[in-house]
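Single-structure report; data block below.
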Protein chains: 2
Amino acid sequence: MVEDVVRTLGFLCMGSRLRRIGERLQADTQQVIDEAGLSIQAGQYPFLAAIDRAGPLTIGELAQAVGITQPGATRTTGQLLELGYVDMQLAPDDQRRRLVSLTDKGQDLIDHSKKVIWPRIAAAVADLCGDLDGPILEQLAAIEDGLAAAPLARRSPAKEETP
Amino acid sequence: MVEDVVRTLGFLCMGSRLRRIGERLQADTQQVIDEAGLSIQAGQYPFLAAIDRAGPLTIGELAQAVGITQPGATRTTGQLLELGYVDMQLAPDDQRRRLVSLTDKGQDLIDHSKKVIWPRIAAAVADLCGDLDGPILEQLAAIEDGLAAAPLARRSPAKEETP
DNA sequence: GGATGTTATATAACGTGTTATAGATTAAAT
DNA sequence: ATTTAATCTATAACACGTTATATAACATCC
């Protein structure tokens, strides 16, 4: 067994480590979404959520809202368009801007997600790291160990069986 | 100003958020490396560090050590080969395995990095989040705010001027 | 000792982030 | 009013992770 260098090096590799844990968490989240039979990527949710919360947003505002760069927002918005979850139209006052809004299908997805999926994911993540405390490196180690012991999907209350 | 949805949604978007912070941290780390005039990517360091710590490793062991999948390890190792930092040779007992070892150039880079760069990066990250405590979401918020206020390169002791 | 399965690495195809840059539209300036 | 600058979105090229699969070498089993 080889040691985990990223973990060993601590603060020095914190960037790599956060990325790595984030990727793992998102993959686990995706699994919960897939198990629920929804056809959407975990990374696309924040876009829909942003519009749901703030109303129609431009590409630039979406980028800001989800914390990525504008080309990334353009691409993901294109995917959501293809999927039929959002609509895009020129802003009436400024033809450079494109206002992205939820379609009925998109709103349905959000409404359903709010009821069924989001609480499950949030609860699973809270179960994983909600009670942690202390220095961040220790918390990260606990999260990694926790994920290795039981992925998010196994921490999700909806998996319970009613006997 | 648009609200930061990923932040607002808390545990629900924790995967996205960790990734995002990790990417930011790594970009900042890269800046420190570049300013020091070294020609290496932040993400390549853990590979060299792993070999430095454990001696020559196979591709599979490297993947384990840095916590990524084997194809990723194959690719990064290929880059390090091109850069002349590592060497690769068939394992004497098992011709399927390739042992990756540091070249003199690679060892020099590591030695120099240990002395000059790594302490600087570790100190900057520690300055950013070493004293944090409490629930992880609050720590992440503090890290994001901290990075926005002053990137790693500005927290790095080597920038001090001797008057 | 040759067929069959396992293991290690390589390669291909893709996802999703980035930076750099082009094109269109609006705002500002002379 | 026309030129110039700024802003917004799109596109291209790249970085670096993933999964799936191919190929080569070793191990095992009649």
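Bear in mind the structure is a predicted one, so any value in this text is a computation, not a measurement. Lettering follows sequence order; numbering is per chain, from 1.
- Remark: the backbone N or O of A/Gln41 is not paired with any side-chain donor or acceptor of A/Gln30 at under 3.5 angstrom.
- Phosphate proximity of C/dA10 to B/Thr74: present, with a side-chain N or O under 4.0 Å from OP1 or OP2.
- Between A/Arg97 atom CZ and C/dA27 atom P there is a gap of 9 Å when expressed in whole angstrom units.
- Between the CG atom of B/Leu62 and the C1' atom of C/dA10 there is a distance of 15 Å, given to the nearest Å.
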Report, as a single string ordered 5' to 3', how protein heavy atoms within less than 4.0 Å touch nucleotides 1-6 of chain D: B base, S sugar-phosphate only, - not at all.
-----B
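- The separation between A/Glu61 atom CD and D/dC8 atom P is 9 Å, rounded to whole Å.
- Here D/dT21 presents its C1' atom at 11 Å from CD of B/Gln70, a figure rounded to the nearest Å.
- The stretch residues 4-26 of chain B has no heavy atom under 4.0 angstrom from DNA chain D at all.
- Under 4.0 angstrom from either OP1 or OP2 of C/dT16 there lies at least one side-chain N or O belonging to A/Gln41.
- Within the 4.5 Å cutoff, side-chain heavy atoms of A/Leu137 are placed close to those of A/Met14.
- Between A/Arg75 and D/dT11 there is no side-chain polar atom (N or O) within less than 4.0 angstrom of OP1 or OP2.
- Panel note: side chain B/Thr58, backbone B/Arg98; no donor-acceptor pair is recorded below 3.5 Å.
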Given A/Arg155 and A/Asp28, is the salt bridge (charged side-chain N to carboxylate O under 4.0 Å, His left out) satisfied, shown in steps?
CA-CA 10 Å; A/Arg155 297 166 182 271; A/Asp28 275 29; over 6 Å; no
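- For D/dA24, the base has no donor-acceptor partner in the side chain of B/Gln95 [N/O atoms by modelled type, under 3.5 angstrom].
- Judged by distance alone, with hydrogens and angles left aside, the side-chain atoms of A/Gln139 form a donor-acceptor pair with the main-chain N or O of B/Gly134 at under 3.5 Å.
- More than 12 non-hydrogen atoms from other residues, nucleotides or ligands lie less than 6.0 angstrom from CG of B/Asp145.
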Check the pair A/Arg17 / A/Asp4 against salt bridge (charged side-chain N to carboxylate O under 4.0 Å, His left out), numbers first and verdict last.
CA-CA 11 Å; A/Arg17 193 157 175 207; A/Asp4 182 336; over 6 Å; no
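- Between the CD1 atom in A/Ile136 and the CD atom in A/Glu138 there is a gap of 11.0 Å [rounded to 0.5 Å].
- Among C/dT26, D/dT19, D/dA25, the nucleotide with an atom closest to any side-chain atom of B/Thr69 is D/dT19.
- The distance from atom CD of A/Gln30 to atom C1' of D/dG17 is 15 Å, rounded to the nearest whole Å.
- Checking D/dA10, D/dG17, C/dT9 against every side-chain atom of A/Pro71, the shortest atom distance belongs to D/dA10.
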Verdict with reasoning, B/Val116 to B/Arg120, per side-chain contact (heavy atoms from CB on, under 4.5 Å)
CA-CA 7 Å; B/Val116 177; B/Arg120 198 184 300 179; 3.5 Å; yes
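- The pair B/Arg154-B/Glu35 meets the salt-bridge criterion, with a side-chain N (NZ, NE, NH1 or NH2) lying under 4.0 Å from an Asp/Glu carboxylate O.
- To the nearest 0.5 Å, the span separating CZ on A/Phe47 from CG on A/Leu102 amounts to 13.0 Å.
- Taking the charged nitrogens against the carboxylate oxygens, B/Glu144 and B/Arg20 do have a contact shorter than 4.0 Å, which makes a salt bridge.
- For the contact set between residues 79-93 of chain A and DNA chain D, defined by any heavy atom under 4.0 Å, the members are A/Met88.
- At C/dA10, one or more side-chain N or O atoms of B/Arg98 fall inside 4.0 Å of OP1 or OP2 (strictly under the cut-off).
- Between the P atom of C/dA10 and the CD1 atom of B/Ile68 lies a distance of 13 Å, rounded to the nearest Å.
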